[in-house]
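All remarks here apply to the structure that follows.
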2 protein chains.
Amino acid sequence: MATRGRPRTFDPETALQQATQLFWERGYEGTSLSDLATAMGIASASIYHAFGSKADLFRQVMERYGTTYGSPPKRALTEHATTREAVQAMLRATADQITRADAPHYCMLILAAPTGTVENHAVREFLADIRRSQYAAIKERLDRGVADGDLSMPLDTVDALARYYATVVQGLSIQARDGATRDELEAVIDCALAAWDQVAGAASPAGVSAGAHTTDTRSA
Amino acid sequence: MATRGRPRTFDPETALQQATQLFWERGYEGTSLSDLATAMGIASASIYHAFGSKADLFRQVMERYGTTYGSPPKRALTEHATTREAVQAMLRATADQITRADAPHYCMLILAAPTGTVENHAVREFLADIRRSQYAAIKERLDRGVADGDLSMPLDTVDALARYYATVVQGLSIQARDGATRDELEAVIDCALAAWDQVAGAASPAGVSAGAHTTDTRSA
DNA sequence: ATGTTTGTTTAGTGATTGCCAAACAAACCT
DNA sequence: AGGTTTGTTTGGCAATCACTAAACAAACAT
């Protein structure tokens, strides 16, 4: 089918890229529509025509963000043979992404809107949902490790370990935001992986569950 | 000296407390002066008279926050005999504070203003400075442990371990914000302390220093 | 050529932002 | 009582917010 009507004067992909840069630097509420219009090179009315509302634009920005900047850590999680290597690669890919010279030194998913006005509650929960799916992705990889016989531990320890590495990933963004270097993050990751060797490498995870203490004496 | 002039009609401490609640829930930029005036029960002009600007008020709120809600983790760090116990107590006190039923489930210092408008850059750096001093406090405790003969490791490993636990503390706030329970945080803390046993408990910390990292898989 | 469709800009909407001058109020002072 | 000092409120500042109606522009259709 041929294109009807007046053709676009801007490239939507380029415009989303420019919007990404602003939202990334200033967060959701810190970015105004006039800021966006200027950066995207079009009138604000064109933004509404092309992308809907500010919240809609942000959702499309985040979708693109997930398939570009957010992709390496996700791929690292699935594309390594052993679970430990996968987690290590995921952490290192995260550190790479949040210390890039050409972008803000943190993950937009984590810091673009952790708090804010009451009226933007839905946007914050939209981001929180994605973050919770990040945890779920880590947990799935650990579950796969258990299924592979690669990882041996009680079920609730798998949950804890997955949440633990999600916590580390999120903490790394604050560190990088506050000026930590790539090398400093690498040292943090080394410490975080030392926990792996203790919890998953040893026979027993030394009281990792909060409730009943179940001692698992199986060896790997 | 007797009090000159018209007396205050509100208690500054109570007013700061009410301002704290709002800034805590909505962050710095998410809280408006009219919101604050309503919550504090006074006109916005009185806020300026008593506290200066919005940024000044926020700084006073954070100062009070540090000596109240922020106090238990800090005290835990200094009031325990062994370094490991101190770190564990600090982490648990943090988890306690960010899952209180009477307050938002995160640390205001970490999530009140990680990103935002260009004009509020100074407020964000004010918070970042305090966060960096948190890392410094952890590092001081570890240094003391080394001095006490309580902890034995290379100097750069002490740096890494301090930054690592700062990372965990900050990650915990995102986790609690996104709905993690106190028990789930406890399980995360157990994992984080397993790293201690591996890095500080064992003889050598398995390459914790900032060495070569070759993971960079950045995409366009 | 005229109409339809789609995208653009102009020019605004009402609401809200942080902030402040000026008037008013309540205490103490001499 | 009159003056001084301090704190309060009223009223409104200019700027910005997210958003949109309406006019204009550029393509295709018939």
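Throughout, a chain's letter reflects where its sequence line sits, starting with A, and its residues are numbered from 1. As the structure is a computational prediction, the values presented were derived from the model and not from experiment.
Between the CZ atom of A:Phe10 and the P atom of C:dT6 there is a distance of 16 Å, rounded to whole Å. Protein atom CZ of A:Arg4 is 7 Å distant from nucleotide atom P of C:dT6, rounded to whole Å. Counting to the nearest Å, the C1' atom of D:dA14 and the CD atom of B:Glu119 are 14 Å from each other. Across the protein-nucleic acid pair, B:Phe51 atom CZ and D:dG7 atom C1' stand 13 Å apart, rounded to whole Å. Across the protein-nucleic acid pair, A:Met40 atom CE and C:dT9 atom C1' stand 16 Å apart, rounded to whole Å. Rounded to whole Å, the distance from NE2 on A:His49 to C1' on D:dA25 is 13 Å. When the P atom of D:dC19 is taken as reference, atom CZ of A:Phe58 falls 14 Å away, rounded to whole Å. B:Asp56 places its CG atom 15 Å from the C1' atom of C:dC20, with the value rounded to the nearest Å.
A:Glu63 CD: 12 or fewer foreign heavy atoms inside a 6.0 Å radius.
Among D:dT6, C:dG7, D:dT8, the nucleotide with an atom closest to any side-chain atom of B:Thr9 is D:dT8. Distances were taken from every side-chain heavy atom of B:Pro7 (C-beta onward) to each of C:dG18, C:dA26, D:dT9; the shortest belongs to C:dA26. Of the candidate nucleotides C:dT6, C:dT9, C:dC20, C:dC20 has the atom lying nearest to any side-chain atom of B:Tyr48.
Of the residues in residues 18-36 of chain B, those lying under 4.0 Å from DNA chain C by heavy-atom distance are B:Thr31, B:Ser32, B:Leu33, B:Ser34.
Judged purely by atom type and a 3.5 angstrom limit, A:His80 uses its side chain to pair as donor or acceptor with the backbone of A:Ala76. Without hydrogens or angle criteria, A:Gln60 side chain to A:Phe51 main chain gives a donor-acceptor distance under 3.5 Å.
We find that B:Arg177 and A:Glu125 are joined by a salt bridge, their nearest charged nitrogen and carboxylate oxygen being less than 4.0 Å apart.
Residues B:Arg6 and B:Ala45 both approach DNA chain C. Their nearest nucleotides, taken by heavy-atom distance, put B:Ala45 toward the 5′ side.
Figure legend: A:Lys54 and A:Tyr28 shown as a cation-pi pair, the cationic atom lying under 6.0 angstrom from the six-membered ring centre and within 45 degrees of its axis.
The closest side-chain heavy-atom distance from A:Thr167 to B:Gln175 is below 4.5 Å.
Between the CG atom in A:Asp178 and the CZ atom in B:Arg124 there is a gap of 12.0 Å [rounded to 0.5 Å].
Counting any heavy atom pair closer than 4.0 Å across all strands shown, B:Ser46 reaches a base atom.
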